[in-house]
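Data block below; observations after.
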Amino acid sequence: MGQNTLRLGVNIDHVATVRNARGGDNPDPVRAALLAQNAGADGITAHLREDRRHIVDADIDGLMAALRIPLNFEMAATPEMLAIALRHKPHAVCLVPEKREERTTEGGLDVAGNDNALADYIAPLRDAGSRVSMFIGAEKSQVEASHRIGAPVIELHAGAYADAWAEGRWDERDAELAKITEMAAYASGLGLEVHVGHGLTYESVGPIAALPQVKELNIGHFLMGEAMFVGLPAALAEMRRKMDEARNG
Ligand code: PXP
C-alpha cells in the first residue's frame, strides 16, 4: 500500500438494521464484514448503540473473532461502553455522541466542552492499545480539544456536506467542503490522523478523497443500499475506484 493510500472502512450497521427489522439471524453483519474484507475493505466499522437498535453485543464478539482487518468500534463515551471496549481491545475506538431520538449520529462530539472528562475516559483505552478517535464537526475548537486530550485520531463529520450535496444546496456544500478541507490540514499539522465519514456516496466522495491529509473514510449506509442492487463486492469496488480516481487524479 502506498504511503498516501486512502483506507476504506466499511460500516456494517445497516446490515444489522435489516436483520433486526424481523428479528432472527438474517442478514448477518459478520458475514457482510467478511465479504467486505475479501472484497478489499481496509477495516470494518460497527457502532454498538446504547439501545442496540442495530449492532448487538454478539455481533461485536463475532467480528472480533472472525476479522483479519481492523475493527473500528464506534461507541458513546459511557461507562458501559468503556467496559465493553476494554474487554475486546479493538484496533480502534471512535467516540461519537448519541441521542436516543436521532435516526443517525447527527452531530459531532463536543470535545471542547468536556475535555477533562474525555481525557480521563480515553486514557484506559489508549493504555489498552486501541487507537482512539473523536468524531467531531470541522471546527477549530473541537480539533484543538481533541489534540489537547491526547486523541491520536479525529474523524470529521461529513453529514452536513453530504446532505447539502444530496439536496442540491451547492453553496452550502462548497462551504462545508471548505471547512473540512481547512480542518483536515490544520489537524494534520497538529499531528492528528484525519478520517472523514458520514453520508458519503459515489457522488460526494471525490472531493473528500482528494484531500491529501485524509487517511481513512468510513462509509456504510450508501454502500449497503447499493449492495442491494449490485452486491457488496461490486459496490465496494466502485467506491474504491471513485476514491482512487479522486486521490490520484
Ligand atoms: N463514521 C461515523 C463516526 C458514523 O457514526 C457513521 C454512521 O454510523 C459513519 C461513519 C458512516 O456513515 P454512513 O452510514 O452515513 O455512511
Side-chain angles (χ1 to χ4, degrees), residues 6-18 20 29 32-33 36 41-56 59-60 63 70-77 81 85 90-100 102-111 130-138 142 146 151 153-167 176 180 183-184 187 192-206 208-209 214-228 232 235-236 238-240 242-243:
L6 180 59
R7 295 195 300 269
L8 172 58
V10 174
N11 182 314
I12 52 155
D13 292 350
H14 295 300
V15 179
T17 302
V18 175
N20 296 1
D42 299 299
I44 297 296
T45 294
H47 182 180
L48 184 66
R49 292 186 78 104
E50 195 190 0
D51 61 10
R52 310 302 200 265
R53 73 173 70 154
H54 38 57
I55 294 294
V56 298
D59 296 326
I60 301 296
L63 290 167
L71 176 66
N72 177 30
F73 181 52
E74 244 186 70
M75 62 183 219
M81 290 299 152
H91 166 83
V93 171
C94 180
L95 294 185
V96 302
E98 223 176 84
K99 291 191 223 119
R100 255 174 205 277
E102 70 190 356
R103 263 191 292 179
T104 181
T105 312
E106 284 164 3
L109 194 65
D110 182 14
V111 185
S130 293
R131 279 175 71 68
V132 178
S133 90
M134 300 284 141
F135 188 46
I136 57 173
Q142 302 297 350
S146 301
V153 183
I154 57 166
E155 181 165 329
L156 296 173
H157 197 314
Y161 159 79
D163 287 350
W165 192 305
E167 290 159 22
E176 292 297 334
I180 293 173
M183 283 307 120
L192 291 163
E193 181 171 312
V194 180
H195 302 174
V196 180
H198 209 96
L200 295 173
T201 65
Y202 290 155
E203 272 199 316
S204 58
V205 77
I208 301 288
V214 176
K215 300 295 176 209
E216 179 174 306
L217 301 180
N218 285 302
I219 308 181
H221 184 265
F222 177 83
L223 265 182
M224 293 308 162
E226 271 300 294
M228 289 186 191
L232 186 53
L236 212 145
E238 179 63 7
M239 188 61 84
R240 178 99 256 167
K242 303 261 187 210
M243 286 163 55

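All figures in this text were calculated on a predicted structure; none of them were measured in a lab. For ligands, and for the atoms within them, numbers begin at 1 and follow the listed sequence.
By the criterion of a heavy-atom distance under 4.0 Å, the side chain of Asn11, and not its backbone, is placed next to ligand 1. When heavy-atom distances to ligand 1 are checked against a 4.0 Å cut-off, Glu74 comes that close only through its side chain, counted from C-beta outward.
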Test side chain to side chain contact (heavy atoms under 4.5 Å, CB included) applied to Phe73 and Leu48, step by step: CA-CA 8 Å; Phe73 181 52; Leu48 184 66; 3.6 Å; yes
Evaluation steps, salt bridge (Lys or Arg N to Asp or Glu O under 4.0 Å), between Asp42 and Arg240: CA-CA 11 Å; Asp42 299 299; Arg240 178 99 256 167; 2.8 Å; yes
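Atoms of ligand 1 found under 4.0 Å from any heavy atom of Ile219 (numbered from 1 in listed order, with element): 16 (O). Close approach to Gly199 involves these atoms of ligand 1, each under 4.0 Å from a residue heavy atom: 12 (O), 13 (P), 15 (O), 16 (O).
For Asn218, the side-chain hydrogen bond (donor to acceptor under 3.5 Å, both in side chains) partners are Thr45, Glu155, Glu216, not counting sequence neighbours. Not counting sequence neighbours, the partners of Glu193 by the salt bridge (Lys or Arg N to Asp or Glu O under 4.0 Å) test are Arg7, Arg131.
The distance criterion of under 3.5 Å between nitrogen or oxygen atoms is not met by Gly197 with respect to ligand 1. At a 3.5 angstrom cut-off on N or O pairs, Glu155 counts as close to ligand 1.
Comparing heavy-atom distances from atom 12 (O) of ligand 1 across His198, His47, His54, His221 singles out His198 as nearest.
Side chain of Ser130 to main chain of Pro90: a donor-acceptor pair is present (N/O by atom type, distance under 3.5 Å, no hydrogens or angles). A donor-acceptor distance shorter than 3.5 angstrom exists from the side chain of Glu98 to the backbone of Glu50, with no hydrogens or angles considered.
No heavy atom of Phe222 sits closer than 4.0 Å to any atom of ligand 1.
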